[in-house]
*Asks:* 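I'd like to ask you about the structure that follows.
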Amino acid sequence: MNADSRTRLDQTPEWTALAGHREELGEAQLRELFARNPGRGTGYTLQVGDLHVDYSKHLVTDETLRLLRALAAATDVFGLRDAMFRGEKINTTEGRAVLHTALRAPRDAVVEVDGENVVPAVHAVLDKMAGFAERVRSGEWTGHTGRRIKNVVNIGIGGSDLGPAMAYEVLRSFTDRDLTVRFVSNVDGADLHEAVRDLDPAETLFVIASKTFTTIETITNATSARNWLLTELKAGQEAVAKHFVALSTNAEKVSDFGIDTANMFEFWDWVGGRYSFDSAIGLSLMIAIGPDRFREMLDGFHLVDEHFRTAPAESNVPLLLGLLGVWYGNFHDAQSHVVLPYSHYLSKFTAYLQQLDMESNGKSVDRDGRPVEWETGPVVWGTPGTNGQHAYYQLIHQGTKLIPADFIGFAEPVADLLPGLVAQHDLLMANFFAQTQALAFGKTPDEVRAEGVPEELVPHKTFKGNHPTTTILARELTPSVLGQLIALYEHKVFVQGAIWNIDSFDQWGVELGKVLAKRVEPALTEGADVPGLDESTTALVAKYRELRGRK
Ligand SMILES: O=P(O)(O)OC[C@H]1O[C@H](O)[C@H](O)[C@@H](O)[C@@H]1O
C-alpha cells in the first residue's frame, strides 16, 4: 500500500468502529460473557503446533474479534507479511529486507534477496556451526595448550546476548552438563570478572557475538577477555585462534580484532539483532545442546512461520495475539503487558521479549516520519510465576491499572528433574490455573460477606476481576516448543507494527545515548571539558570525579 495514500489509522472506518464498539461494550464483565456463551471456554481457543492458546478470558466478543480482524485487513497486515517473507526491503529506514524467517527455512526452500537465494548460505553456516559445535563437544577441538574445552563464555549484548542466554536457561535439561556456559554482556567489569574468575583459561572458549562488531561494550569485554587469556596462559597472539571465535556480519572488523575469519560464523544484514538468535548468534547454545536439538528448535520456529504465513485470519494465532494487544493498548489505555511463565527455565524469557517487543515497537513516528497519533508498543515486563504472585500480583489483581497478561505453562515437568521434585509440578500448575481464574472472575462483595468477613474489610477483600489473560499451554518445554514460542511473539510484534504503521525493524532510539557516552567519557577520565554538556550532567560528572578522588 502506498504510504501517502494510507488513511491515518485513527481515522479509518475500522478504527472508528472499534472505538464505538468499545463504548457500547463498556465494562464488559467476563462473568457475564461466560454466562452468555457457555461454550466460550473451549470455543475461544486455537492451536498452533504444540501450543494450545486459550483467549476466552479476554474482554472480547465475536464482534470485537471481527472488528479487530477488519482493522488488520484495512491496514494490510497480511500484505506486509507476504512482503516480509518474499524478502522485500520492508525495513525502510535502513533499506533492508527482514528475513529472520529464512534462518529456519528448510534446506530446499528458496528465499530471494536482490534476486539471490539466501537459503544455501544459511545452511552452509548452520553446517559449519554444527561441525564446530561437535568438535568442541567431543573434545576434538582443543585449546592452545592441547586441553579440552570445558567452558564457553559468550560475549555479546542486546540481540547478541539475550537470545542465547535465555535459551540456554530454557533448555538446560538438554545441555551437556559437563560444559560450563556463561554469558557476559555488561560493560561493567564485574560481569566478565564473575564469569571468568573460577575458569581455567586453557579450557575456555570465548564466543564473541556482535552483528556489527563495533558495539563498544562487546569489543571492550572481548579485548579484556583476550588480555586475561593471554596473560593467564603466558601466551602470545597465536593462542587467540584456539580460544576465540566470532559471530558477526562484519568480517573486516572481526579480522581487525585479531580473530581469523576462518573462525567466524557469518550472518547477514537482513537479520535484525533482536531477531538473530537463530542465526550464527545461537552458536553457544548449539555447543551446549548439540546441533540436532538446535535443528529441532529451528523446525519449531519454522512451524509457526508457516502457520503465520498461511493460516486464515480467524485461526491465525500471532494475528490474534497482536490484535488483542491493539485492543487493550489503543482502546483500553493499557500501558503495559505482563508475561508470566510458569516454568523456572523461562526465567529470562521476558527479558528477551522486552528487546523483541520494545525495541521493535517503541516508536512514535510512522513509516513516513510523521508523528503517530495513537499508542504504540507497550511496556513489557514479568518474571516467572509463582514468584511474581508474592510480589507484584497484588497490583495486577487490585491496582488501578489494566494489565493484560500472558500465562505460559506446561503439563509435564522437565524430563530430568530429580524424582522427588516431580510432584511439585502439580502445585506449580495449580497456581497457574488459579491465577487466571482469580484475575478473570474475581470475588464479589457478596461472596466476601458470605465468608463472614467484617463489613469494613469487605472492600479490601473484594476482587473486581475482569483482568484479561491469554493462557498458552503445551505438553512440555522442548527445543521445538521454545522455537514455536519465540516465533509466535516475533510475529505478534510484527502484526502490531504493521497496524500502527511503524518500522518495527530499526532502532534509532538507541543511538543518542551511545554517541553521548563517547563524548562524556573523557570528562570522567581526564576531566576534559565537554562542549554542550548540560549543567546537571556537568555537576554529576564533577561529583563522580570528586568521589573517585580525581582532581
Ligand atoms: O550485535 P551488535 O551489533 O553488537 O549489537 C548489539 C545490540 O546493540 C544495539 O545497540 C541495538 O540496540 C541492538 O539491537 C543490538 O542487538
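It should be emphasised that the depicted structure is a prediction, and the values quoted were computed from it without experimental measurement. Counting starts at 1 for both ligands and their atoms, following the listed order.
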*Asks:* Counting each atom of ligand 1 from 1 as listed, which ones have a heavy atom of Ser160 under 4.0 Å away?
*Replies:* 1 (O), 2 (P)
*Asks:* Would you tell me which option among Arg274, Glu359, Lys253, Gln507 has the nearest heavy-atom contact to atom 13 (C) of ligand 1?
*Replies:* Glu359
*Asks:* Other residues, nucleotides and ligands only: do more than 12 of their heavy atoms fall within 6.0 Å of CD on Glu252?
*Replies:*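 No, because the 6.0 Å sphere around CD of Glu252 holds 12 heavy atoms or fewer from other groups.
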*Asks:* With under 30° as parallel and over 60° as perpendicular, where do the rings of Phe505 and Tyr275 fit, or are they tilted in between?
*Replies:*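 Tilted, since the angle between the ring planes falls between 30° and 60°.
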*Asks:* Check this for me, if you would: do Arg197 and Glu232 make a salt bridge, where the nitrogen-to-carboxylate-oxygen distance has to be below 4.0 angstrom?
*Replies:* no
*Asks:* Quick one: which ligand 1 atoms are inside 4.0 Å of a heavy atom on Lys211?
*Replies:* 1 (O), 2 (P), 3 (O), 4 (O)
*Asks:* Within the 3.5 Å criterion, strictly below it, is a donor on Asp534 or Thr537 matched to an acceptor on the partner's side chain?
*Replies:*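 The answer is yes; a qualifying pair exists.
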*Asks:* Within the supplied structure, the quantity of interest is the number of heavy atoms (other residues, nucleotides, ligands) at a distance under 6.0 Å from Glu521 CD; does it exceed 12?
*Replies:* no
*Asks:* Between the side chains of Glu217 and Asn186, is a donor N or O closer than 3.5 angstrom to an acceptor N or O?
*Replies:*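 No.
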*Asks:* Would Thr218 count as a polar contact of ligand 1, with the cut-off being nitrogen or oxygen pairs under 3.5 Å?
*Replies:* no
*Asks:* Can you list the ligand 1 atoms lying under 4.0 Å from a non-hydrogen atom of Val510?
*Replies:* 10 (O), 12 (O)
*Asks:* What protein heavy atom sits nearest atom 7 (C) of ligand 1, and how far off is it?
*Replies:*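 It is Ile157 O, 3.7 Å.
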*Asks:* Between ligand 1 and Gln355, can you find any atom pair, the residue atom being a heavy atom, that is separated by under 4.0 Å?
*Replies:*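 Yes, that is the case, since the closest heavy atom of the residue is under 4.0 Å from the ligand.
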*Asks:* Would Ser210 count as being in polar contact with ligand 1, using the rule that some N or O on each side must be under 3.5 angstrom apart?
*Replies:* yes
*Asks:* Among all the protein's non-hydrogen atoms, which is closest to atom 10 (O) of ligand 1, and how far away is it?
*Replies:* Lys514 NZ, 2.9 Å
*Asks:* Relative to the heavy atoms of Thr215, which atoms of ligand 1 are at a distance of less than 4.0 Å?
*Replies:*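 So the atoms of ligand 1 that pass are 2 (P), 3 (O), 4 (O), 5 (O).
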*Asks:* Nearest to atom 16 (O) of ligand 1, what protein heavy atom do you find, and at what distance?
*Replies:*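 Among all protein heavy atoms, the one nearest atom 16 (O) of ligand 1 is Gly159 N, 2.8 Å.
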*Asks:* Angle class for the Phe294/Phe277 ring planes (parallel below 30°, perpendicular above 60°, tilted otherwise)?
*Replies:* perpendicular
*Asks:* Testing the 3.5 Å rule here: is there a donor-acceptor pair between the side chains of Arg274 and Gln507?
*Replies:* yes
*Asks:* Looking at ligand 1, is there an atom of it that comes within less than 4.0 Å of some heavy atom belonging to Glu217?
*Replies:* no
*Asks:* Would you say ligand 1 has an N or O under 3.5 Å from any N or O of Gly273?
*Replies:*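 Looking only at distances, the answer is no, because the N/O contact criterion of under 3.5 Å is not met.
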*Asks:* Tell me which part of Thr212 gets within contact of ligand 1: side chain, backbone, both or neither, using heavy atoms under 4.0 Å.
*Replies:*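 The part of Thr212 near ligand 1 is both the backbone and the side chain.
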*Asks:* Would you say the rings of Tyr342 and Phe410 are close, in the sense that their centroids are separated by under 6.0 Å?
*Replies:*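 Ring centres of Tyr342 and Phe410 not closer than 6.0 Å.
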